[in-house]
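I have placed the structure first, in the form of structure tokens, so that the comments after it can refer back to it.
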Amino acid sequence: MDEVKEGKMMEKLPPQNPDSNMGDYEKAYSTFSWDDAEKTFEWSRTGKVNAAYEAVDRHVRTLGDRVALHYLDDEKEEKYTFRELSAASGRFANLLQDLGIVKGDRVFIFMPRSPELYIAFFGILKLGAIPVPVFEAFMRDGLLDRMGDCDPVAVVTSDTLKDRVPKDEIASLKHVIVSGDTSGDEISFDEMRSKRGEFEPVWLDLEDPLLIHYTSGSTGKPKGVLHVQRAIVGHYQTGKWVLDLRDDDNYWCTADPGWVTGTSYGIFAPLLNGVGTIVRKGRFTARRWYETIERARVTVWYTAPTALRLLMGEGEEVASEFDLSSLRLIFSVGEPLNPEVIHWARRVYTQPIHDTWWMTETGMIMISNYPSMPIKPGSMGKPFPGVEAAILDDEGRMLGVNEVGNLVIKKGWPSMMKVIWGREEKFKEYFRFDPWFLTGDAAYMDEEGYFHFHGRVDDVINTSGERVGPFEVESRLVEHPVVVEAGVIGKPDPVRGEIIKAFVVLKRGVDESEELKDELIEFVKKGLAAHAAPREIEFVKHLPKTRSGKIMRRVLKAKELGLELGDLSGAGEGV
Ligand code: AMP
């Protein structure tokens with residue numbers, strides 16, 4: 001990573017909203033302090049902390065009739081005011097309490113997007129228990145790894161997903177709460193209806209847990225990233241200054257709450273700012289999404305590059321069938337955002353797109369193009385006030401302008417992960433250059449202070465904005481009876497960013513065939529998750545390995561892309 005980028009002065013787009021909540025970026029950056037941001041929370045006066053109270057209950061007195069949750073699907077639309085969401089989540093908290101669930105217990109949420117998911121989420125938080133939302137596409141093995149890691153006492157699920165819950169294999173799991181049809185000793189979600197809506201939140205400390213999100217690394221099982229209550233200071237402030245949320249906004253974040261964007265920005269940031277959140281169920285189609293913008297009169301839209309590229313691929317005609325004139329700001333996260341998409345959006349939606357950069361571990365937006373600052377297409381933007389970002393070389397030395405290196409963030413922002421559940425060593429790896437947090441991304445900073453994404457430093461795959469660990473996919477593939485070993489890489493793709501490609505070594509005597517490739521893809525889909533299934537499989541006789549026997553994925557990738565193989569001094573067999 002000793003590449004130096006040419007100091008090119010890229011064209012910038014004028015600020016979208018110079019009168020935004022943040023106002024002048026440089027001024028905000030030089031004067032902001034996190035301590036000031038805390039003053040908006042009631043705990044700063046009462047000393048009593050609970051994120052559900054700050055996001056929902058606190059608003060009942062002043063904004064009780066404002067819509068907090070606006071749910072839409074193909075058939076119906078449901079709206080919950082702050083008052084209704086407070087009461088419904090209070091009932092759910094009472095249900096959990098009656099089951100004996102207490103502060104600190106882990107409760108999985110494994111549900112399709114629905115009002116029940118959000119009610120459960122806040123019910124769990126009110127009790128001081130720890131919600132662990134998991135994306136609905138995960139299958140049994142995916143759940144088993146995650147549940148087996150942090151020993152939940154309960155899971156809240158739906159009748160459509162409950163069969164995937166590995167009940168008998170998780171000893172700690174005492175309660176399965178099901179929305180829809182129940183059987184056996186499952187508890188019906190509807191039991192909450194008979195409970196009281198009043199529930200005094202369990203008061204916590206700022207450093208007490210808020211939630212856990214599982215995410216992937218390049219080695220080992222998924223990591224349980226634990227955030228603490230204090231994180232909501234970051235959600236609130238970035239909601240106000242990046243998303244520029246205002247009282248009259250209709251705000252739609254398209255991410256599922258199984259991923260961090262779906263909680264930090266699909267739940268906390270809007271509600272903490274007293275703004276409702278729009279939730280749309282159903283698979284992505286251009287028409288369904290445009291229809292959501294039209295029906296809900298979306299003003300601020302937070303989405304992902306893959307979705308935007310797909311929308312662009314569907315063409316202008318589809319967009320022109322809908323009234324998208326309500327949109328005032330568009331944001332994106334998760335993958336590199338191509339400048340073409342920004343220019344296209346500017347023409348077709350009459351709005352550019354503001355790229356934002358952050359990750360599960362950071363809990364909130366770290367770097368962004370702000371509504372009051374010129375957008376630089378192709379750049380992730382500048383660090384949020386109160387956040388210090390830099391580029392270090394592999395020895396931890398600070399690099400200069402336009403030099404590519406490790407993107408790092410100085411410790412001390414409120415939503416930084418607190419621990420990796422049960423894995424202190426993994427946590428320490430992020431702080432090799434303490435006090436800098438090592439993101440795992442390579443980037444550079446240009447002469448104007450804008451940061452540019454360059455790639456991942458490790459083997460983590462980013463497919464359609466979803467982070468997939470190659471190890472998890474390889475482990476699933478080798479469970480198949482004909483597979484000896486597998487190496488998995490991300491292969492560049494114009495729409496999805498990357499697709500998953502697997503190199504598979506078959507047992508001796510097994511015939512290679514297209515049918516077998518399909519079977520292996522299905523095997524990963526059914527066992528792990530559809531989004532983690534390879535799109536391409538190649539049968540090989542052996543995999544490149546280091547002398548100690550580790551699969552050299554970078555060699556697989558370099559060969560796939562026809563690139564130079566780089567330093568092979570540690571290589572052993574099969575290179
Ligand atoms: P996750 O933890 O699943 O949110 O994934 C975080 C990773 O997504 C980062 O480490 C980056 O590799 C990638 N990522 C997030 N935002 C951006 C962005 N704006 N541009 C490029 N890559 C991004």
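Keep in mind it's a predicted model, so treat the numbers as computed, not measured. Counting starts at 1 for both ligands and their atoms, in listed order.
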Tabulate below the donor-acceptor pairs under 3.5 Å that side-chain atoms of residues 331-338 make, not counting sequence neighbours, or state none.
unit_1, atom_1, unit_2, atom_2, d
Glu335, OE1, Thr306, OG1, 3.0
Glu335, OE1, Arg309, NH2, 2.7
Glu335, OE2, Thr306, N, 3.1
Glu335, OE2, Thr306, OG1, 2.8
Glu335, OE2, Gly465, N, 3.3
Asn338, OD1, Arg309, NH1, 3.0

Quiz prompt | Salt-bridge present (Asp459, Lys557; N to O < 4.0 Å) | solution =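 No salt bridge links Asp459 with Lys557.
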
Quiz item: For the rings on Phe384 and Trp358, is their centre-to-centre separation under 6.0 Å?
Solution: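 No; Trp358 has its ring centre 6.0 Å or more from that of Phe384.
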
Self-check item: Tyr302 ring center near His354 ring center (under 6.0 Å)
Solution: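 Centroid distance Tyr302-His354: not below 6.0 Å, so no.
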
Quiz item: Does any pair with a residue in residues 208-221 pass salt bridge (charged side-chain N to carboxylate O under 4.0 Å, His left out), and if so which ones, sequence neighbours excluded?
Solution: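 Only Lys103-Asp208, Asp145-Lys221 qualify under salt bridge (charged side-chain N to carboxylate O under 4.0 Å, His left out).
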
Quiz prompt | Pair listing, salt bridge (charged side-chain N to carboxylate O under 4.0 Å, His left out) test, anchored in residues 224-234, at least two apart | solution =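 Residue pairs with at least one partner in residues 224-234: Glu38-Arg230, Glu207-Arg230.
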
Practice problem: Could you please provide the protein residues found below 4.0 Å of ligand 1 on a heavy-atom basis, arranged by chain and number? | Solution: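 Within 4.0 Å of ligand 1, the protein residues are Val333, Gly334, Glu335, Pro336, Asp355, Thr356, Trp357, Trp358, Met359, Thr360, Met380, Asp441, Phe453, Arg456, Asn462, Arg467.
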
